[in-house]
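The block underneath contains the structure these notes are about, expressed in structure tokens.
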Amino acid sequence: MGTPSVDIMEDTKSAVVGPLERKVRQPREPMEVIKTRLSRNLTCSAPKVKGVLTGFFPVVQWLPKYKLKEYVWGDVMSGLIVGIILIPQAIAYCLLAGLDPIYGLYTSFFANIIYFLMGTSRHVSVGIFSLMSLMVGQVVDREVYLAGFDQTDDVKREGLAESLAESWNGTEDPISTDLNITMKILDMDCGKECFAIGIAAALTFLAGVYQVLMAVFRLGFVSVYLSAPMLDGFATGASCTILTVQAKYLLGLKIPRHQGFGTVVVTWINIFKNIQKTNICDMITSAICISTLVAGKELQDHYKDRLKIPLPTELVVVALATIVSHFADLNGLYSSSISGAIPTGFIPPKVPSFEMMPRVALDAIPMAVISFAFTVSLSEMFAKKNGYTVRPNQEMMAIGFCNIIPSFFHCFTTSAALAKTMVRDSTGCQTQVSSVVSAFVVLLVLLFFAPFFYSLQKCVLACIIIVSLRGALRKFRDVPKMWRVSKLDAVVWTVTMASSALISVEIGLLIGVVFSILCVVVQTQNPKVSLLGQIHNSNHYEDLEEYNNILAVPKVKIFRFQAPLYYANKDLFLKSVYKAVGLEPFLELTKRRKAAKKAKELAGKHVEGQDKNYSKISIGLIPTAPDFHTIILDCSSMPFIDSTGMYTIKGLIKDYKEVGIKVLLACCNATVIDSLRRGSFFGPSDKDMHNLLFYTIHSAVVSSSENTTVGDSCV
């Protein structure tokens with residue numbers, strides 16, 4: 001390849017560089033590769049066992065090196081602050097999940113402990129997350145509805161919670177109950193709350209299994225298809241759904257959650273239909289709480305540089321609201337809906353129901369993907385910010401076990417949470433010891449303080465959830481800026497957001513992924529194409545339309561196609577070449593044949609003496625010769641070509657050869673060259689490679705020049 005010289009600027013003169021030689025790599029037999037990998041992975045030795053264990057539990061590596069005096073203050077402070085923030089959120093997000101508040105506390109406790117043992121990020125806070133809670137809640141409510149439970153019967157729910165609390169606190173044998181509370185009214189072995197957490201646990205177990213399998217089979221590349229605009233649009237659309245689902249609690253309306261598509265639209269219609277049933281007490285409480293929470297968040301944002309620790313606004317609101325609700329007896333006097341009894345202690349572990357798993361197997365897939373995508377992206381983002389590295393595959397493994405193990409302890413699906421991770425980072429967190437401190441704070445509530453939340457109004461919890469959506473809902477303000485930066489990203493964001501909000505969260509995710517992929521395909525269907533010229537006094541070439549001081553090369557057309565060449569855009573490639581160079585081989589051949597035929601007919605008439613003006617007409621029939629003799633395809637922007645693309649270029653060379661024009665290739669990467677060689681593009685034993693393929697555009701230009709020195713005519 002490239003026997004002609006390659007010009008390199010050196011004292012404004014050209015130097016000749018010899019041809020490059022590819023390294024010869026002997027392909028290994030498939031069985032040999034399999035045997036090597038099996039022997040490497042299945043051999044057992046003490047160092048290997050130690051390496052596997054330390055890799056599986058990174059805490060074993062970093063904890064012995066823990067710098068107590070340097071790290072402990074930041075870890076303790078960040079752990080306490082996150083724990084304080086976590087308590088009201090863990091209780092509140094159970095409204096989204098359709099579960100009792102105690103399960104949110106369990107989830108937060110176990111997730112923090114497991115991630116401490118298995119995570120590789122120093123700052124990520126794993127636990128209860130609004131989006132995961134919403135997705136769990138949709139599945140739980142659907143299955144509860146299909147099971148025939150009454151979704152609006154709060155009295156039965158509170159009565160069941162009190163009975164459950166008595167059994168957990170020792171007045172009944174917890175082992176004998178084991179969550180199988182007999183409800184005589186429903187004549188079922190397992191009540192609504194027992195059934196709901198059973199569904200959530202089965203869903204969580206499957207999501208964790210999927211995540212571990214993705215880690216084992218190295219399927220982290222799936223996150224590549226979750227682009228940032230798509231994830232932002234998905235989060236915003238889900239936030240609209242979360243706000244809608246919680247709106248009924250703000251007004252004290254007892255409306256069952258809509259099942260199926262269009263939750264946002266149907267729920268708002270139901271709210272306005274039942275607006276006359278608004279509980280005035282809940283509405284006033286909601287207005288006060290939202291005002292207080294928003295004011296606290298705004299103060300936090302405005303004075304974040306001066307405040308060393310975040311304001312515990314949620315905890316203050318929850319504490320004051322609980323005290324007022326208890327002493328004013330808002331539930332008894334105004335029928336305000338309250339959280340009810342939250343028992344202390346732990347429920348005996350229980351294996352997730354394998355009978356329920358087939359019903360939720362598909363629902364667990366998007367949850368697993370979204371959970372690991374948020375966790376891996378957050379861990380990498382904060383690792384980069386703080387100057388260390390994480391292992392994405394181990395992060396997937398860690399979040400998988402943060403779902404599998406807690407599912408045996410009546411927990412639901414978890415993920416890394418951006419807000420709490422940012423709090424950790426801003427309050428001096430150094431290691432995952434902070435997670436242990438946060439888990440300890442949750443443990444104190446589980447063991448001692450949970451019953452004090454009995455009188456906490458549900459509308460207060462809904463206010464906490466809604467105010468926490470500020471960040472995602474503010475993305476609407478960024479749409480104009482996003483449109484100016486990238487119209488394609490803005491369209492992806494809008495489509496994903498609208499489908500997530502108006503159809504369903506799961507369908508919105510699927511639509512967002514498919515639409516993002518289609519947008520990439522569309523980009524390859526409409527790539528930028530250009531003719532290149534030589535930059536004055538250099539051996540470099542650029543777009544003639546984009547730059548000044550560019551000189552067209554005489555008798556040579558240099559064409560650049562900025563996309564991969566494959567089956568879907570081969571026709572576009574050919575049309576672009578024909579249009580750019582101004583000559584289509586088939587039409588040129590047709591025109592020449594017609595001219596030759598006409599000239600032949602005129603010659604016959606001339607012989608018979610029938611046409612006196614033969615010479616003038618025959619000269620007019622001679623086709624005008626093209627103003628170029630060579631086309632150079634700049635392949636520098638082609639990352640790959642497939643077999644169809646290879647045959648397309650081969651046909652292009654053949655067609656232009658018939659009209660006397662050469663086609664040369666320049667700047668092909670190794671992948672493209674290998675694809676061409678596998679298709680015998682360069683003939684037997686690549687004999688034509690040195691005539692068709694060149695390292696640089698300039699070397700191809702030099703080769704194409706016949707008797708004219710390119711340096712004299714172009715530079």
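Atoms considered below: every heavy atom in the structure, side chains included; atoms not considered: hydrogens, waters and symmetry mates.
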Once you round to the nearest 0.5 Å, how far does [atom1] of [X] lie from [atom2] of [Y]?
X	Y	atom1	atom2	value
F205	F354	CZ	CZ	5.0 Å
M497	F234	CE	CZ	13.5 Å
L96	Q246	CG	CD	4.5 Å
S576	N526	OG	CG	9.0 Å
S121	R424	OG	CZ	8.5 Å
D478	K481	CG	NZ	7.0 Å

Would you kindly say whether [X] and [Y] are connected by a side-chain donor-acceptor distance under 3.5 Å?
X	Y	value
E395	T120	yes
T204	T413	yes
T236	R474	no
E193	Y103	no
H258	Y145	no
T241	T263	no

Got [X] and [Y] here, is their nearest side-chain heavy-atom distance under 4.5 Å?
X	Y	result
V390	Y388	yes
C463	L250	yes
C429	D425	no
R122	N386	no
L378	L418	yes
L473	L243	yes
S353	I199	no
T414	F129	no

Donor-acceptor pair, [X] side chain versus [Y] backbone, under 3.5 Å?
X	Y	answer
S438	G79	yes
S407	I404	yes
K248	I255	yes
N569	L572	no
T421	V124	no
S486	M482	no
Y115	A416	no
Q211	V369	no

Taking the six-membered ring for Trp, is the centroid-to-centroid distance between Y106 and F409 below 6.0 Å?
no
Sub-6.0 Å ring centroid separation between W493 and F476:
yes
Closest approach of [X] and [Y], non-hydrogen atoms and distance?
X	Y	answer
L461	A92	O-CB, 3.6 Å
G252	D282	CA-OD2, 3.2 Å
S339	P101	CB-CG, 4.4 Å
S516	V492	OG-CG1, 3.4 Å
L206	M357	CD1-O, 3.5 Å
G296	T313	CA-OG1, 3.9 Å

R560: partners by salt bridge (charged side-chain N to carboxylate O under 4.0 Å, His left out), with sequence neighbours left out
E542, D634
[atom1]/[X]: more than 12 non-hydrogen atoms of other groups inside 6.0 Å:
X	atom1	value
F261	CZ	no
L362	CG	no
M422	CE	no

Show, in sequence, the C-alpha distance, side-chain angles and deciding distance for T648 and F573, and conclude whether the side chain to side chain contact (heavy atoms under 4.5 Å, CB included) test is met.
CA-CA 9 Å; T648 300; F573 171 77; 3.9 Å; yes
T244 and T267: side chain to side chain donor-acceptor pair (under 3.5 Å), yes or no, with the steps?
CA-CA 7 Å; T244 300; T267 301; over 6 Å; no
Can you spot which of S415, C411, S108 makes a side-chain contact (heavy atoms from CB on, under 4.5 Å) with I128?
S108
side-chain contact (heavy atoms from CB on, under 4.5 Å), paired with I242, selected from L95, L134, I466:
L134
Pair L146-R359, side chain to side chain contact (heavy atoms under 4.5 Å, CB included): steps then yes or no
CA-CA 11 Å; L146 294 175; R359 301 178 61 88; 3.6 Å; yes
Would M132 and S371 count as a side chain to side chain contact (heavy atoms under 4.5 Å, CB included) here? Give the steps.
CA-CA 7 Å; M132 291 295 104; S371 175; 3.9 Å; yes
Side-chain donor/acceptor pairs under 3.5 Å, residues 637-645, sequence neighbours excluded:
residue	atom	partner	partner atom	Å
D642	OD1	T644	N	3.2
D642	OD1	G645	N	2.8
D642	OD2	Y567	N	3.0

Are [X] and [Y] within salt-bridge range, i.e. N to O under 4.0 Å?
X	Y	value
E546	K528	yes
E314	K297	yes
R391	E380	no

Step-by-step side chain to side chain contact (heavy atoms under 4.5 Å, CB included) determination, T285 to C289
CA-CA 6 Å; T285 303; C289 290; 4.0 Å; yes
